[in-house]
Asker: 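The structure under discussion is supplied below as structure tokens; questions concerning it will follow.
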Amino acid sequence: MPRFSIVVPSHGVAGRLSLALDSVLAQSFGDFELIPVCDAPDAPAADVVAGYAERDSRVTPVHSPPSAGLAGARNAGLRSAVGGHVLFLDGDDVLVPGALAALDARLAEAGDADAPVDVLYFEHERTPWWQGEPTNPVAPLLARTPEGAFSPGRAPWLTGVALPAWSAVYRRAFLTEQGIAFPGDHFTDVGFGGLVTLRAERVAALRAVVVRHLLRRQGNRLNLPGEHHTELLDQTELVLTRAVEQGLPADRLTPLFEQLFAAVLKTAARPRRLASGRRAFFRRASALYRRHRPAGHRAPGGSLGVQHRLLASGSYTAFHALRAANRSALRATGLLPRPRGLRTRLRYAVHLRLPLDRNLVVYCAYWGRGYACNPAAIHAKARELAPHLRAVFLVEPEAVGSLPPDVEYAVIGSRKYWEALARAGYLVNNANFADAVVKRPGSVHLQTQHGTPLKTMGADQATYPVVAAATGSFARLLARVDRWDYNLTSNRHSTEMWERAFPSAQETLEYGYPRNDVYCTASAEDVTRVRKELGVPDGKKALLYAPTHRDYATGFETGLDLAEFCEAIGDDYVVLLRAHYFYDQGSSRGGGRIIDVTGHRSSEDVCLAADALITDYSSIMFDYANLDRPIVVYADDWDVYRETRGVYFDLMRQPPGRVARTPGELAALFRDGSYADASAAALRAAFRERFCQFDDGRAAERVVRRVLLGEPPESIPPVIPLAERTPAPAATLVRS
């Protein structure tokens with residue numbers, strides 16, 4: 001039997017889960033089992049956990065459905081545990097080095113087989129997600145506890161209801177013998193902590209930090225508005241009812257009562273947490289207060305005491321007035337900001353007061369550069385599956401001429417633009433809408449993204465000065481992210497990286513990129529048509545050269561002399577040059593052998609036309625890999641790029657094909673054909689397994705059905721396995 005069972009729920013923390021698991025597996029004390037709890041075998045965190053389980057026999061994953069919530073996940077882990085003591089660790093927390101050794105030593109010191117410790121409380125640090133000093137809120141509570149093991153009555157202020165479940169380690173036999181599990185769905189730590197304290201006979205404290213808890217950027221999710229706040233009253237009633245049944249003495253009941261109602265009053269005083277039913281919440285809280293108030297209980301002094309008395313009397317109107325008066329006093333002293341008006345056009349403000357148009361969808365791609373990418377693909381599919389929806393595409397003035405003639409549009413900044421943004425029930429973008437756009441209640445924002453991240457994105461850019469300077473205010477960036485309801489990904493890597501880069505509460509849709517559907521649906525005739533449109537001569541092999549943007553460079557620079565490259569590889573090839581979308585055009589040098597396709601509106605068409613891809617660090621490699629055609633990475637400045645921009649993985653170690661570091665190496669790959677040999681194919685196959693998980697040709701359908709039509713997740717078409725897909729055929733090359 002291992003000394004410790006460590007239960008780690010993983011829902012919604014795939015991006016940081018590795019840090020939590022690594023912190024456990026790196027402990028100097030190794031007598032433990034690690035139990036990650038995943039939603040399902042195909043959940044975002046499941047791949048992460050599976051890798052750990054393969055490498056370390058101490059990792060034993062279990063599953064718990066998302067509907068069971070945090071309580072269900074912890075209970076599933078507890079049922080699976082076989083260790084002597086159980087530690088519950090959140091998926092975005094870490095154990096400090098030496099934590100388990102310190103817990104083991106303290107448990108041995110404070111108890112033995114005849115008189116074991118039921119609960120060992122310890123300190124933890126709360127670490128700001130961005131910057132600031134960590135805090136240790138438990139230290140003052142534990143500082144007053146007795147030195148050895150003690151009964152809960154000797155430290156009545158240590159009720160457990162104000163402590164998270166991961167701030168203690170529990171004797172497993174104690175939990176099972178007493179039938180203690182995590183109750184309810186929300187505020188489960190309150191109920192669990194209270195029940196543990198009521199039943200424990202021997203308690204001890206470790207006055208040292210064991211867990212570092214990362215504070216979420218938006219704070220505790222329990223503090224968000226919603227009906228779940230009524231469950232705080234359920235947990236309060238559960239604990240106090242059990243306390244009465246147990247005959248808890250007054251000296252222990254009083255601090256328990258006060259700590260529970262401190263949380264209740266905190267919620268009652270913040271009406272934004274309760275979108276509706278505020279009076280009902282207050283009335284029920286008042287009834288609970290009167291029913292369970294300890295005999296002879298005296299309300300505390302000051303404003304808190306007034307709140308206690310108003311709650312006891314059921315005076316909601318007076319309680320509400322007290323809160324308003326307190327806020328007015330704070331505002332007068334400058335401690336609260338005055339409400340600010342909308343910093344958008346007056347017309348937009350007026351239309352925000354009108355009802356949402358549930359049949360209006362606003363689309364935008366690349367900050368208004370045109371009809372392109374995932375928004376365009378979703379728009380096209382919505383015409384087929386949801387013809388009742390009206391669509392408006394937002395574009396810059398210079399992009400109007402490139403729009404398909406039957407696409408309704410609004411020029412960015414125009415009257416129609418602001419009206420559409422104010423009224424739309426659905427807003428779809430592959431970048432972000434302007435800062436002034438307001439997230440209206442009931443509206444749905446879908447972030448489609450426009451690539452798989454190799455380079456750092458979002459908040460992860462902050463530690464790279466060149467990129468951070470160009471990004472601007474990260475606070476404003478994250479305020480835009482907060483508007484997202486859904487975030488689209490095409491592979492598990494993206495799921496994890498977006499969670500890190502854009503920390504917020506949006507739901508991840510692992511549906512694939514709609515723009516990539518064409519790679520599984522296009523025919524040989526489509527490929528021929530596109531090649532003719534682009535001017536690719538018959539019989540020539542078309543090499544798409546698509547370099548990415550350099551944050552440390554100004555203007556478009558390829559780093560490769562294409563004319564010399566064409567001369568070196570022979571007449572069988574032409575090069576399709578597509579510069580990053582930041583640039584209007586690439587280069588016309590090189591005569592007929594180089595075709596500048598930068599201005600072509602569809603990168604998907606260009607990829608279909610190409611027999612092979614040459615790129616550096618552009619995310620186009622992830623999309624092109626869906627075609628299962630040769631890819632060559634030209635990485636002449638990898639070290640500089642990696643240091644200045646930052647990357648999420650080492651492309652040199654996990655490339656999609658052959659890698660060249662000099663023009664000579666690149667030309668040689670095409671002269672001798674090794675760019676498409678068996679070794680290159682093997683690298684590409686591994687790359688496709690990792691990054692082409694969800695792009696099966698039905699991504700747009702999944703998005704339209706789930707987001708625009710509101711169909712339940714279980715009715716959405718499943719992803720077709722990679723081995724069963726048939727990519728669009730290349731014009732001149734046979735796959736290796």
Side-chain angles (χ1 to χ4, degrees), residues 137-138 140-141 152-153 155-165 167 182-198 219-220 222-223 225-274 277-327:
V138 182
L141 292 175
W157 62 87
L158 201 60
T159 67
V161 301
L163 299 176
S167 197
F182 287 88
D185 294 325
H186 300 89
F187 300 96
T188 186
D189 283 17
V190 173
F192 180 80
L195 295 177
V196 164
T197 304
L198 291 176
N220 191 322
L222 292 178
N223 293 335
E227 297 302 318
H228 62 274
H229 285 282
T230 59
E231 293 189 31
L232 174 59
L233 300 180
D234 296 338
Q235 302 288 358
T236 298
E237 184 170 19
L238 169 67
V239 173
L240 290 176
T241 299
R242 294 284 180 86
V244 171
E245 292 172 350
Q246 186 174 318
L248 197 69
D251 62 335
R252 290 188 59 193
L253 180 60
T254 296
L256 179 65
F257 174 87
E258 291 183 343
Q259 290 183 25
L260 285 168
F261 275 97
V264 170
L265 286 167
K266 188 174 181 180
T267 296
R270 288 167 172 78
R272 289 185 180 180
R273 293 185 181 182
L274 297 164
R278 297 168 188 167
R279 286 182 179 272
F281 180 92
F282 189 87
R283 284 197 299 269
R284 183 183 169 195
S286 177
L288 285 175
Y289 188 98
R290 291 192 297 270
R291 184 186 316 146
H292 292 287
R293 180 171 49 186
H297 177 260
R298 298 181 61 182
S303 176
L304 180 60
V306 175
Q307 293 183 51
H308 270 258
R309 287 189 286 274
L310 292 176
L311 184 64
S313 63
S315 304
Y316 176 79
T317 302
F319 185 89
H320 181 73
L322 174 67
R323 174 188 170 275
N326 288 338
R327 288 185 62 84

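Here the structure is a predicted model, which means the values were calculated and not measured.
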Asker: May I ask you to decide if the ring planes of F187 and H229 are parallel, tilted or perpendicular, using 30° and 60° as cut-offs?
Answerer: tilted
Asker: What pair of heavy atoms forms the shortest contact from Q259 to A162, and how long is it?
Answerer: OE1-CB, 3.7 Å
Asker: Run the ring-ring contact (aromatic ring centres under 6.0 Å, His included) test against F281 and tell me which residues pass, sequence neighbours left out.
Answerer: none
Asker: For P156 versus D251, what's the shortest heavy-atom pair and its separation?
Answerer: CB-O, 3.5 Å
Asker: Between atom CH2 of W157 and atom OG1 of T254, what is the distance when rounded to the nearest 0.5 Å?
Answerer: 14.5 Å
Asker: Tell me if a side-chain donor or acceptor on S167 pairs with a main-chain N or O of P164 at a distance below 3.5 Å.
Answerer: no
Asker: Distance-only, no hydrogens or angles: does the T159 side chain make a donor-acceptor pair with backbone N or O of L256 under 3.5 Å?
Answerer: no
Asker: Please test L158 against T197 for side-chain contact (heavy atoms from CB on, under 4.5 Å), starting from the C-alpha separation and ending with a verdict.
Answerer: CA-CA 8 Å; L158 201 60; T197 304; over 6 Å; no
Asker: What pair of heavy atoms forms the shortest contact from P152 to R252, and how long is it?
Answerer: CB-NH2, 3.4 Å
Asker: Taking only residues two or more places apart in sequence or in another chain, which ones pass ring-ring contact (aromatic ring centres under 6.0 Å, His included) with H292?
Answerer: none
Asker: Please determine whether side-chain contact (heavy atoms from CB on, under 4.5 Å) holds for the pair T317 and R279, giving the CA-CA distance in whole Å, both sets of side-chain angles, and the decisive distance to 0.1 Å.
Answerer: CA-CA 9 Å; T317 302; R279 286 182 179 272; 4.1 Å; yes
Asker: Would you say R293 and F261 make side-chain contact, with heavy atoms under 4.5 Å?
Answerer: no
Asker: Atom CG of D234 and atom CG of L288: how far apart are they, to the nearest 0.5 Å?
Answerer: 9.0 Å
Asker: Rounded to the nearest 0.5 Å, what's the gap from CD on E231 to CG on L238? Could you check?
Answerer: 12.0 Å
Asker: Which residues satisfy the salt bridge (charged side-chain N to carboxylate O under 4.0 Å, His left out) test with E237, sequence neighbours excluded?
Answerer: R284, R291
Asker: CZ/R242 to CG/L195 distance, rounded to the nearest 0.5 angstrom?
Answerer: 5.5 Å
Asker: Using a 4.5 Å cut-off on heavy atoms from C-beta on, say whether the side chain of L240 contacts that of T236.
Answerer: yes
Asker: What is the minimum heavy-atom distance between A165 and F192, and which atoms define it?
Answerer: CB-CD2, 4.3 Å
Asker: Please give me the minimum heavy-atom distance between A299 and G305, naming the atom from each residue.
Answerer: CB-O, 4.0 Å
Asker: Go through it in stages, so that I can follow the logic: the residues are H308 and Y289, the test is side-chain contact (heavy atoms from CB on, under 4.5 Å), and I'd like the CA-CA distance, side-chain angles, deciding distance and then a yes or no.
Answerer: CA-CA 9 Å; H308 270 258; Y289 188 98; 2.8 Å; yes
Asker: Has S313 got a side-chain atom pairing as donor or acceptor with L310's backbone, closer than 3.5 angstrom?
Answerer: yes
Asker: Going by atom types alone, do S286 and R290 pair a side-chain donor with an acceptor below 3.5 Å?
Answerer: yes
Asker: Look only at the side chain of Q246 and the backbone of L198, and say whether a donor-acceptor pair between them is shorter than 3.5 Å.
Answerer: yes
Asker: Any chance you could measure R309, atom CZ, to L311, atom CG, to the nearest 0.5 Å?
Answerer: 12.0 Å
